[in-house]
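Okay, so here's the structure we're looking at.
Chain letters run A, B, ... following the sequence lines, proteins first, then strands; residues in each count from 1. Treat the numbers as computed from the prediction; the structure is a model and nothing was measured.
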Amino acid sequence: MAQVINKATRESFGLALCELAKTHDDIVVLDADLAAATKTGIFKKEFPERFINCGIAEGNMIGVAAGLAAAGKKPFAASFAMFATGRAFEQIRNSVAYPKLNVKIAGSHAGISTGEDGATHQCIEDIAIMRAIPGMVVLNPADHYEMVEAVKAAYEYNGPVYIRLGRLAIDSFNDPDNYKFELGKGITLHEGNDITVIATGLVVNESLKAVKALEAKGINARLINIHTIKPIDREIIIKAAKETGRIVTVEEHNVIGGLGDAVCDVVSSECPVKVTKIGVNDEFGYSGPAKQLLEIFGLCQSNIEKVVEDIVKNEK
Amino acid sequence: MNSAEKLQLQILACKSRMGAIIGTFNAKSGHPGGSLSAADIYTYLYYKEMNVDPTNPKWADRDRFVLSKGHCCPSLYATLALKGYFDWDELTKLRHVGAMLQGHPDMKGTPGIDMSSGSLGQGVSAACGMALAGKMDNKSYRVYTLLGDGECEEGQVWEAAMFAAHKNLDNICFIVDCNGLQIDGTVEEIGGIEPLDEKFKAFGFNVIKVNGHDFDQLESAFENAKSTEGKPSVIIASTVKGKDVSFMENQVGWHGTAPNQEQYEIAMGELEAKLKELEALV
Ligand SMILES: Cc1ncc(C[n+]2csc(CCOP(=O)(O)OP(=O)(O)O)c2C)c(N)n1
Ligand SMILES: [Mg+2]
């Protein structure tokens, strides 16, 4: 078994950027006075001359990143997900995505696990708004190893990419020796034919624990990890819909516009099956310790397990 | 103001700082640095300047306060509690699940909070809207808004400044808490906002510079602002981030870190000693 690494994906992001920059001179990193929190500070320490702190001015930061990209650099611009995708939405849309510039946007402290800062800082809309932009690639890696590979893939991809980063440290579950990150490809983490759980980001680990616990109860749930929300892996979803007939999605995001909706889009046009969405039910979050909030919002093993078990018992 | 009055304000400001320490300690998170630099300003506003009624927080004719640098709410909450808007004990539940006092101001749930804030740059614009509504309705209330010096890097601050001057909003007063620090370093190394006074002047503001910990200077500044007609005012208050807790003063690391048990005891010890000293002078 691979070494379990307990790290927040924002830290894995900072470390991966640093590693990649050693062999790629065109990488520049921008932040908006949150380098300590987004972990671009790790890069800044090693490559101060390639780090640009834009101050608390996210809109300008994205515009500057667009210009840097147009002049041949490969900029990674980071802030909290709320401010990177919220405050700078239109700059991303018109100055980055429309000209298809090579800007990678990193949004940290995404979801409600931002915790105590409360609703103004808990971004539950970033996946929806980034997905809605034509041509935008949307990545939501689930553990340390996946984040490291996602950063490389984002660098190699020619065009705009959004990468979602988490604040909370989580245990890794991938095995780096056998792990392969393919942009746009889902990963089956657990086989099963009774039902399919499709999860993304921070809650993949909890979903994995849930399907393992269900197995002990005689329920064989398939688990698919969707690290690339756009372009989404249609094939793996349709196959799961056909073979298991029932889908549950899990995401630390509003149930409107996120992974759940992306999955519904796919199945409704090709193989309609019932989909149950576990996520934030179209309400704002509030202050509290991250782990406690995740439990209250049902983004934890026990709730995922219960939802799946109820469906299998009552519908099948 | 006479010396007895000033002493009362100093006592209240000291208690506001204690509230910020109690709140962030119990929350194990939050922003002590900028809460401590702003405590004297909150105290002056709520005890000397603003026409408000804690028993009727939504009173239509009240003066309004928008905390544009929303993260500095712990000491504002303390001042509001002292003023009687809600129980002091709420501070121990700051940032807990179900708490009245959220990590950033929430006007829906907290009496005395006139605007929800936390995303830097946005509060100033809302304050302009309130001031404009006052003009449209021929009301005499005034609007105050507190910004951080780092916050002045946000373009929206300057959109709001341009708007306030263009609409001749002489019923609004910006206050900039110039404590010299933001998150990743000093404002000087990251933001380049200077010369701030010249910028506001060029935007059409009446500019007043004060020591933000000196109640006499704050008094004359707010009087000056009130008597200035036809244009908005800005009070540029030079302050010390972490003021009155020795190990937090001027330390960038205390922007968004809560004190642990030991640090909490030292901080409270220092503030209690200061309070005793002040109370002995009464
Ligand atoms: C739009 C936006 N971007 C970033 C942040 C994160 N943030 C919170 S406080 C802060 C620094 C603020 O510095 P300053 O305005 O000087 O406040 P003070 O020193 O009074 O705490 C930052 C970047 C935010 N709250 N809103
Ligand atoms: Mg400051």
* Is any side-chain heavy atom of B:Ser119 closer than 4.5 Å to a side-chain heavy atom of A:Met82? -> no

* Asked: Distance-only, no hydrogens or angles: does the B:Glu153 side chain make a donor-acceptor pair with backbone N or O of A:Ala57 under 3.5 Å?
  -> no

* Let me know if B:Gln122 has heavy atoms under 4.5 Å from chain A in its side chain, its backbone, both or neither. => both

* Structure fact -> Honestly, the part of A:Thr120 sitting under 4.5 Å from a heavy atom of chain B is side chain

* Where on B:His71 is there a heavy atom nearer than 4.5 Å to chain A: the side chain, the backbone, both, or neither? -> neither

* More than 12 heavy atoms from other groups under 6.0 Å of CD on B:Glu198 -> yes

* **CG on B:Asp184 to OG1 on A:Thr40, rounded to 0.5 Å** => 7.0 Å

* Flag yes if more than 12 heavy atoms outside A:Lys306 fall under 6.0 Å of its NZ atom; otherwise flag no. => no

* Structure fact -> side chain to side chain contact (heavy atoms under 4.5 Å, CB included) test vs B:Ile190 passes for just one of A:Ile56, A:Asp31, A:Asp33, namely A:Asp33

* Structure fact -> B:Gly103 and A:Ser287 have their tightest heavy-atom pair at N-OG, 2.7 Å

* What residue in A:Lys44, A:Glu58, A:Arg87 has the most heavy-atom pairs under 4.5 Å with chain B? -> A:Arg87

* Residue B:Phe247 excluded, over 12 heavy atoms near CZ under 6.0 Å -> yes

* Are there more than 12 heavy atoms of other residues, nucleotides or ligands under 6.0 Å from atom CD of B:Glu194? -> yes

* CZ-CD distance between A:Phe83 and B:Glu154, expressed to the nearest 0.5 angstrom -> 8.5 Å

* **Whether over 12 other heavy atoms sit under 6.0 Å from A:Lys73 NZ** => no

* Asked: Counting only heavy atoms not in A:Arg93, do more than 12 fall under 6.0 Å of its CZ?
  -> no

* Asked: Tell me, side chain or backbone of B:Ala99 under 4.5 Å from chain A's heavy atoms, or both, or neither?
  -> neither

* Asked: With distance as the sole test, does B:His104 use its side chain to make a donor-acceptor pair with the main-chain N or O of A:Ala119 at under 3.5 Å?
  -> no

* **Side-chain touch A:Glu116/B:Lys28, heavy atoms, less than 4.5 angstrom** => no

* Examine whether an atom of B:Ser116 lies under 4.5 Å from a heavy atom of chain A, and if so say whether it belongs to the side chain, the backbone or both; otherwise answer neither. => neither

* Asked: If you count the non-hydrogen atoms of other residues, nucleotides and ligands that lie under 6.0 Å from NE2 in A:His24, is the total more than 12?
  -> yes

* Structure fact -> If one checks every heavy atom of A:Leu34 against chain B at 4.5 Å, the contacting part turns out to be both

